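Report on the structure given below.
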Amino acid sequence: VPRPKALLLSLTEQNAEMEELLYSLGFDLDATIVQKRARPDPATFVGSGKVEELQSLLRARNGAVGPAVTKGHAGEALQRAERSAVLGPEGRGRDGTRAHGAAAEDAGQEPVALVAVNAHLKPSQVAELERLFKVDVFDRVRVILEIFQQRAHTQEAKLQVELARLRYERPLVAEYVHLAKRGEHPGFMAGGAYAVDQYYTTINGRISRIQQELARIAAEREVRRRHRRRGGFQLVSLAGYTNAGKSSLLKRLSGEDVLVENRMFSTLETRTGRARAHGRNLLVTDTVGFVDGLPPELVQAFRSTLEEIAHADCIVLVCDASDAPAEVARKLATSARVLRDYPDLAPLVLALNKADRVPPARRGPVEDEVRRLGVVEEGQWVWVSALRGTGLDELEEHVLRHVPPMVRARATLPRTGEAESILGAMYEDATVTRVERDAMVEVEFEAPAAVLGQLTKRIQQSGGTVRPLP
Ligand SMILES: Nc1nc2c(ncn2[C@@H]2O[C@H](COP(=O)(O)OP(=O)(O)OP(=O)(O)O)[C@@H](O)[C@H]2O)c(=O)[nH]1
Ligand SMILES: [Mg+2]
């Protein structure tokens with residue numbers, strides 16, 4: 001089964017990223033149609049001439065399949081393709097490239113199931129274009145929402161996506177209702193005003209239930225985070241533009257088997273792995289990436305996940321430094337903008353990733369962009385390759401400069417039940433490096449200063465002693 005097709009409609013020449021997004025969602029691009037105009041048409045985004053051109057293009061592509069191609073087809077077409085596993089992780093050619101453009105004249109082609117628009121549309125424009133084109137019309141926000149929906153697996157991610165969707169759809173529904181009343185979008189909300197009121201009551205109720213559930217999950221996470229900190233772990237989070245190589249870096253640093261894919265938004269859920277760096281225990285967390293024009297509904301829905309990133313001891317901001325310098329700058333600026341929203345942001349270290357694809361001669365211009373943007377302080381960047389494993393030592397050294405220092409100590413405890421209980425607390429809150437049970441219990445351990453203070457009190461109360469170690 002071939003992948004379903006989409007037409008892309010745009011007012012600019014900068015469509016590469018939107019094309020990537022469509023591909024990531026599971027569509028093949030039939031064609032990108034650009035109309036040069038100063039501002040969008042208020043009713044139909046492009047002018048009426050372009051609308052007619054598209055209508056006849058759609059007739060040419062979809063004519064043979066007849067009336068089966070209507071609104072709502074995009075989702076079905078995707079599901080069909082997914083069932084046949086065309087959209088597996090290796091969705092593209094082995095060399096990471098793929099052919100674009102119109103090949104629709106080939107026999108057995110999928111019809112065009114979607115017109116995507118590289119802009120943020122008003123609900124009335126979406127409804128009007130769907131009426132005119134008789135296929136689904138997704139704007140950029142909707143495309144991103146659909147990708148998120150596809151990739152959400154944990155309960156939290158599913159709820160976050162559903163929340164974003166409900167908020168996005170609420171005004172859209174109002175528009176359909178408006179059109180239905182004018183008799184221009186028949187079949188929708190046939191139940192009339194009563195059904196519409198019911199719909200809003202239901203949606204609003206659902207939204208508040210989801211919010212409560214998400215708050216509960218976030219609170220649990222906060223508890224877990226505190227527990228980990230007490231456990232002597234330093235928390236490092238990986239943030240950055242989608243497809244920058246965050247999961248690859250987590251995999252390298254922790255050895256965890258995480259999903260790495262050359263497509264956007266492979267990772268939506270938080271994933272944490274342990275790493276040992278220069279004798280320190282780190283917990284490294286990877287999660288959802290950023291993208292330009294990230295729908296505000298999604299940023300809000302993912303707030304608690306992003307907070308987890310922002311409140312680590314140190315944030316490694318990952319970027320794909322093999323992009324052109326201007327592209328690196330654009331993606332970094334977007335990432336910085338998202339992070340800036342969080343108060344008490346942890347210190348940032350920048351990982352200029354995919355260094356294996358950037359010869360030394362091309363690194364200067366990238367560093368110039370980094371300096372110009374000022375996302376991190378001078379020298380707070382490291383060239384790394386998550387793929388090859390280069391630069392990781394240096395990256396870890398940078399990270400360790402930002403995490404609270406650990407103190408090493410030796411405790412001597414009388415052999416009582418209390419000694420065993422203190423030892424248990426040490427295993428829990430510190431890193432125990434040596435234990436000897438003789439006439440006394442001798443323990444060597446390391447812990448953040450605050451934890452050492454708490455342990456010292458208990459040790460002294462039990463009649464034991466603590467000495468610092470170099
Ligand atoms: N050449 C090269 N490719 C890399 C490197 N690191 C990651 N990649 C590739 O970049 C693509 C994206 O990697 P991921 O680790 O999935 O990126 P991510 O930031 O987690 O992406 P999302 O979860 O989708 O936001 C994959 O095809 C990786 O193999 C690197 O150092 N060098
Ligand atoms: Mg990832």
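When a ligand or atom number is given, it counts from 1 through the structure's own listing order. Numbers here are sequence positions counted from 1. Because the structure is predicted, anything quoted here is derived from the model rather than measured.
No donor-acceptor distance shorter than 3.5 angstrom exists from the side chain of N118 to the backbone of T12, with no hydrogens or angles considered. Side chain of Q125 to backbone of K122: a donor-acceptor contact under 3.5 angstrom is found. Put simply, the side chain of E130 gets close to the backbone of V137: a donor and an acceptor are under 3.5 Å apart. Judged by distance alone, with hydrogens and angles left aside, the side-chain atoms of E269 form a donor-acceptor pair with the main-chain N or O of T154 at under 3.5 Å.
Ion pairing between a basic and an acidic side chain is recognised when a charged N comes within 4.0 Å of a carboxylate O; R3 and D28 show such pairing. Here E146 pairs with R165 in a salt bridge; the nearest charged N to carboxylate O distance falls below 4.0 Å. Salt bridge absent: D320 and K331 never bring a charged side-chain N and a carboxylate O closer than 4.0 Å. The pair E17-R140 counts as a salt bridge, with a side-chain nitrogen and a carboxylate oxygen less than 4.0 angstrom apart.
Counting protein heavy atoms only, atom 23 (O) of ligand 1 is closest to T267 OG1, 2.8 Å. S248 OG, 2.6 Å is the protein heavy atom nearest to atom 15 (O) of ligand 1. Nearest protein heavy-atom contact of atom 6 (N) of ligand 1 is N353 ND2, 3.2 Å. Looking from atom 25 (O) of ligand 1 to the surrounding protein, the closest heavy atom is T242 OG1, 2.9 Å. Shortest contact from atom 3 (N) of ligand 1 to any protein heavy atom: K354 CD, 3.8 Å. What sits closest to atom 29 (O) of ligand 1 on the protein, heavy atoms only, is V260 CG1, 3.7 Å. For atom 32 (N) of ligand 1, the closest non-hydrogen atom on the protein side is D356 OD1, 2.6 Å. Among protein heavy atoms, the minimum distance from atom 24 (O) of ligand 1 is reached at S266 N, 2.7 Å.
Only side-chain heavy atoms of R357 come within less than 4.0 Å of ligand 1; its backbone N, CA, C and O stay farther off.
Checked against a 3.5 angstrom limit, the closest N/O atoms of E261 and ligand 1 fall inside it. Distances between N or O atoms of D286 and those of ligand 1 include no value under 3.5 Å. Any N or O atom pair closer than 3.5 Å counts here, and G245 shares at least one such pair with ligand 1. The N/O atoms of A355, backbone and side chain alike, include none that comes under 3.5 Å of an N/O atom in ligand 1. Inclusion of A386 in the set of residues having an N or O under 3.5 Å from an N or O of ligand 1 is warranted. In terms of polar-atom proximity, defined here as any N/O pair under 3.5 Å, A244 does make such a contact with ligand 1. Annotation: F265 places an N or O atom under 3.5 Å from an N or O atom of ligand 1; distance criterion only.
More than 12 non-hydrogen atoms from other residues, nucleotides or ligands lie less than 6.0 angstrom from CZ of R216. Atom CD of Q55 sits in a crowded spot, with more than 12 heavy atoms from other residues, nucleotides or ligands closer than 6.0 Å.
When each atom of ligand 1 is checked for a heavy atom of M264 under 4.0 Å away, the hits are 24 (O). Listed by atom number, the atoms of ligand 1 under 4.0 Å from R263 heavy atoms are 24 (O). Near S247, meaning under 4.0 Å from one of its heavy atoms, ligand 1 places the atoms 15 (O), 18 (P), 20 (O). Residue N243 has at least one heavy-atom neighbour below 4.0 Å for each of these atoms of ligand 1: 11 (C), 12 (C), 17 (O), 18 (P), 19 (O), 21 (O), 22 (P), 24 (O), 25 (O).
Residues A310 and L345 approach most closely at CB-CD1, 3.8 Å, considering heavy atoms. In terms of heavy atoms, L452 sits closest to A447 at N-CB, 4.2 Å. Considering all non-hydrogen atoms of both residues, L29 and K5 come closest at O-NZ, 4.3 Å.
A heavy-atom separation below 4.0 Å is not found between K251 and ligand 1.
Side-chain contact annotation: N15 with T32, donor-acceptor N/O pair under 3.5 Å absent. For the residue pair T267 / S247, a side-chain donor-acceptor distance below 3.5 Å is found, with atom types taken as modelled.
Atom 19 (O) of ligand 1 has its nearest heavy-atom neighbour, among R271, K246, R252, in K246.
Not a single N/O/S atom of N243, whether from backbone or side chain, sits less than 2.8 Å from the Mg ion (ligand 2). None of the N, O or S atoms belonging to S248 lies under 2.8 Å away from the Mg ion (ligand 2).
Geometry note: the Mg ion (ligand 2) is the vertex, T267 OG1 and S247 OG are the arms, and the angle is 90° (rounded to 10 degrees).
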